[in-house]
Amino acid sequence: MASRRPWMLLLCCLVAAGVVLQGRAQPDNKGFISIDCGFSGETGYVADLTKLSYVPDAGFIDTGTNHNISAEHVTATMAKSWYNVRSFGAGTRNCYTLRSLVPGLKYIVRARFMYGNYDGLDLRPVFDLYIGVNYWHTVNTSGPAAMFQILEATVVVPDDFVQLCLVNTGAGTPFISGLDLRPLKRTLYPEATAAQGLTLVDRLNFGPTNETFVVRYPDDTHDRIWFPYVDTVRWAEISTPQMVQTIDDDSYDAPSAVLRTATRPRNVSQNIEFYWSTEPTPTNPSPGHIIVLHFAELEVLRGNAVRELNVFINDKPWYTFSELSLRPVYLYDVPVHKSLPFQSSRYNLSVQATSNATLPPIINAAEIFTVFSTTNLGTNSQDVSAITAIKRKYQVSKNWMGDPCAPKAMAWDRLTCSYGAIGSRPRITGINLSSSGLNGDISSSFTNLTAVQYLDLSNNNLIGSIPDTLSQLPLLTVLDLSGNQLNGSIPSGLLKRIQDGSLDLRYGNNPNLCTDGNSCQPHAKKKSKLALYVAVPAVLLVVIVSVTMLLICLLKQNKQGSMDNSITPKIETIMSNSTLNNVGSDSSLRRLESRRFTYKELEMITNNFQQVLGKGGFGYVYNGFLEDGTQVAVKLRSHSSNQGVKEFLAEAQILTRIHHMNLVSMIGYCKDGEYMALVYEYMSEGTLQEHIEGTNRNGACLPWTHRLRIALESAQGLDYLHKGCNPPLIHRDVKATNILLNARLEARIADFGLSKAFNSNDTHVSTNTLVGTPGYVDPEYQMTMQLTAKSDVYSFGVVLLELVTGKPAILRVPVPVNIIQWARQRLAQGNIEAVVDTRMHGRYDVNTVWKVADIALKCTAQSSVQRPNMADVVAQLRECIELENGHSRDNANNGFYASSNSNDPNMSYDSYTTDQSTNVSPNNTSFEMEKCLMRVPTVPIGSAAR
Ligand SMILES: *[C@@H]1O[C@H](CO)[C@@H](O)[C@H](O)[C@H]1NC(C)=O
Ligand SMILES: *[C@@H]1O[C@H](CO)[C@@H](O)[C@H](O)[C@H]1NC(C)=O
Ligand SMILES: *[C@@H]1O[C@H](CO)[C@@H](O)[C@H](O)[C@H]1NC(C)=O
Ligand SMILES: *[C@@H]1O[C@H](CO)[C@@H](O)[C@H](O)[C@H]1NC(C)=O
Ligand SMILES: *[C@@H]1O[C@H](CO)[C@@H](O)[C@H](O)[C@H]1NC(C)=O
């Protein structure tokens, strides 16, 4: 597929000279390296389209020659970086070295090739590429000379550098046009591991009908290149101007610019079908495949419209979705991925509507990879640095490129390596540089080759004395220094090793070398004295410099220390103040008239927006302190935010008029020119989501009693919104991330940016756009676009399920499945244990868990009339808390908790009273009664705090 649009690559990589930069052999501030190979300029340039800086390749390689492609292949639209190549007529292996990387991090390595008859021979070479010591791909340039090839690998880099090596396989001279490196977030492409790299087969953007519409940096922050797959005959475009987010931005993170278009069959009864073909590679007869498909709904579905699809590969279902059918989520990407074994040379992929669907299938984007093994390890890194220093010092040419020992077939001439067990790095054990024209003294780097057994430096022009440090090489058995111009005497350490028979030292034919100790003494002494004179000032200088550095560091530290000192007491007073405020009541904060801040004041309050507390669609939330020391959270609207000015002002307006202990309170706002911000009370324990996930600061699991209390408090907040304020409000984005917790883990509903007022006499509000978060959106609202307070009830039901299960609203098992489906299925079998959060280790009253699960299921009933209202939910949750507290009290009265055997399940038999079974869910069976008897007593954590 890559070859079907060579001309397009021309356009996509359109680069023109702009600003001139200095060539640098290291990543830029984004971690990018963009190399124009064979570019003979001293300085690089900035590409017009991407604004990325391209540098010449001289800093990355010291072999090869530069050539311009022949004039007939240069076109007007062609990117400058294609004009020239570096080619490698000499040496089997030639390598680019990209440095200053982070070992263990994931990178995209992208190599670009266009032959362009640069050598005038019109012979299309075929050669191999290696990433480090692992075979990656064969480049075959047969085909038109003007054909472009872009090869992309995603690899975990084991060292602080990575090499791209071109290997001559006897089928023409290797060359390269360009080389890019892009760092990836560690979590992206989990299939790329230390043992396995990914080779891109294709990365497709579906929907655009303009073949030149290529998405890359800056729309894709990782500068992946997304080509449009255009088939205007069979497919029609669907698109949205809105931002499309990805649910799982940790794994594939497709950019909104790609996701906001999708394709559907023109003929609604047809499927979306495409194929790709693959071949075995020289090193792997059956390379596996990784496929990632991106689906996001871009249309608001009205009435009973259903879009539901299945994916088939070579006519076999990819997943049997059945009741877990894939329904694209509005404005959210649900990436689905699959690893395929190699089956055939051709894969047909088909996206089909299910029988329930009323709408044709869609697809937004696809990425297809093959895998290659990266299990070969490079030589021990200390050996590599030492031998590299030796190579540089003596200007050894030979074939000393790439890794010294690996792969075995390409190991450096004159080196002997040991390979050891699989998974261990090769070591250099022997060096034969006899008759190699070496000049200068014996490099101290030889001392660093600690696995060396055999070192032959005979018949060169080495001068100076023999370093005694060579005697420290533990395994060295043969050292041949004969036939050089060495002087001085044999150092004592080496003499000792000769005497104890552990070393065979050959030093004949060095006319100036004193093998008779006495006659050399004076000469040697003089020399060493001179060396001392030279050495003393040098050492002094070093000492002086170090002392100065130390002083500077100390001063710096002191300064920092004093700054800290001035801040620390302030924080302390702030803490005590706000604690006092909190302990009394929050009234002092709550009665504050909303204050208007200037942007300057916000800068001061947040100490120049130093500490980020969180991030949302609107931008960042920063930590801050008011003049009186009150800690606050400042939500600053970013200019690129998709939360508009309208939403921001709506939230400010709402918050100035509603006050409730379970709604987050606003202290003020800022509307200063283009800057907009809201200032809230500080909620030190973050979001409920973090606590459910266990990613909160202390990583502790929330005990059930806390969960119950948080549920009740959030419910009270929502009930107030629905009934208590005038006009009533529907929150529209109830979810675990919008429930914040303060230092005492008291819950407050936050983020009213989407809230909508409604007239309490009306049953619903009609809306034009669907808002909310996938997993939490009321299906009835989604279908009818009619909003009622029951939509919040539905979302709250999802939060309740999260509290019970400790799982997210959308589970990946491995197909994305809604928590409601997941829990309902298990609860229907009467199996509460299968859903309840195992991290609570059974420390809950099964009755209250059942009751909460039951409330959650009622809240998430398909039809809104069947759902309770928030007032009912509040009442029910109160009962749960009473039930739970009743238990704690009973148990405490029994002295149960005092028992050191309190974890012994047998002990809990006594504490169970059968009359409480009336509170369990109607789904309950006698089987559950058994379960109840087995429960572990509830630890009364938190009741004191109330
Ligand atoms: C390639 O072309 C550039 C610009 O025309 C020129 O400066 C450079 O010397 C040429 N390089 C070679 C190797 O011919
Ligand atoms: C390169 O590709 C051409 C045509 O695609 C093919 O005929 C040739 O065998 C390939 N060469 C190698 C060495 O794979
Ligand atoms: C396609 O896009 C390019 C630039 O992105 C534009 O110059 C061109 O006019 C577009 N072609 C059509 C047919 O819209
Ligand atoms: C699809 O339709 C069948 C029968 O028409 C029904 O049983 C099933 O529940 C539906 N599936 C979904 C996911 O709606
Ligand atoms: C020897 O190795 C050490 C540790 O890796 C390094 O700090 C030192 O610079 C090396 N010395 C030489 C001469 O290569």
Side-chain angles (χ1 to χ4, degrees), residues 1-4 6 15-17 20 36-45 54 56-58 64-74 78-89 103 113-120 123-129 135 137-145 147 149 151 159-161 166-177 277-283 345 379-394 404 425 427-428 431 440-452 464 467-470 472-474:
M1 284 207 314
S3 58
R4 64 171 195 247
V15 169
V20 167
D36 182 346
C37 301
F39 181 70
S40 29
E42 294 266 295
T43 55
Y45 53 86
Y54 282 75
D57 59 358
T65 49
N66 292 350
H67 301 269
N68 288 331
I69 60 167
S70 74
E72 79 243 38
H73 293 300
V74 177
M78 191 159 125
K80 184 181 160 106
S81 70
W82 294 104
Y83 288 4
N84 35 258
V85 303
R86 185 177 285 253
S87 83
F88 305 95
F113 305 89
M114 181 194 166
Y115 173 62
N117 198 18
Y118 75 87
D119 52 5
L123 291 173
R124 319 290 151 80
V126 179
F127 52 92
D128 286 351
L129 292 181
Y135 168 84
H137 207 272
T138 299
V139 181
N140 184 345
T141 59
S142 351
M147 194 173 96
Q149 288 184 43
L151 296 174
D159 301 296
D160 62 356
F161 67 93
L166 296 91
V167 174
N168 189 327
T169 53
T173 303
F175 73 91
I176 185 166
S177 308
S277 49
T278 64
E279 284 166 9
T281 74
T283 54
S345 56
T379 305
N380 172 286
S381 57
Q382 191 186 324
D383 285 3
V384 172
S385 342
I387 199 75
T388 306
I390 291 163
K391 173 188 158 188
R392 208 177 305 124
K393 181 176 171 87
Y394 300 115
R425 288 174 174 261
R427 298 295 311 256
I428 298 171
I431 303 172
D441 58 0
I442 296 178
S443 166
S444 58
S445 296
F446 283 113
T447 315
N448 266 5
L449 292 164
T450 53
V452 153
D468 196 15
T469 48
L470 288 173
Q472 291 157 17
L473 288 172

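This is a predicted model, so every value here is computed, not measured. Numbering of residues begins at 1 and proceeds along the displayed sequence. One-based numbering, in listed order, for ligands and for the atoms of each.
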Please identify each residue that fulfils ring-ring contact (aromatic ring centres under 6.0 Å, His included) with H67, with sequence neighbours left out.
Y118
Who are the ring-ring contact (aromatic ring centres under 6.0 Å, His included) partners of Y135, not counting sequence neighbours?
Y130
For P174, all residues meeting side-chain contact (heavy atoms from CB on, under 4.5 Å), sequence neighbours excluded
F127, L166, N168
So, Y83 versus D36: side-chain donor-acceptor pair below 3.5 Å or not?
no
Distance alone, cut at 3.5 Å: any donor-acceptor contact between the side chains of R427 and T450?
yes
When you measure from the centre of the six-membered ring of Y45, is the NZ or CZ of K80 closer than 6.0 Å and no more than 45° off the axis?
yes
Are there any protein N or O atoms under 3.5 Å from the N or O atoms of ligand 1? List them with distances, or say none.
unit_1, atom_1, unit_2, atom_2, d
ligand 1, 2 (O), N68, OD1, 3.4
ligand 1, 2 (O), N68, ND2, 2.3
ligand 1, 11 (N), N68, ND2, 2.9
ligand 1, 14 (O), N68, ND2, 3.3

When you compare ligand 5 with S444, is there at least one nitrogen or oxygen pair between them that comes in under 3.5 angstrom?
no
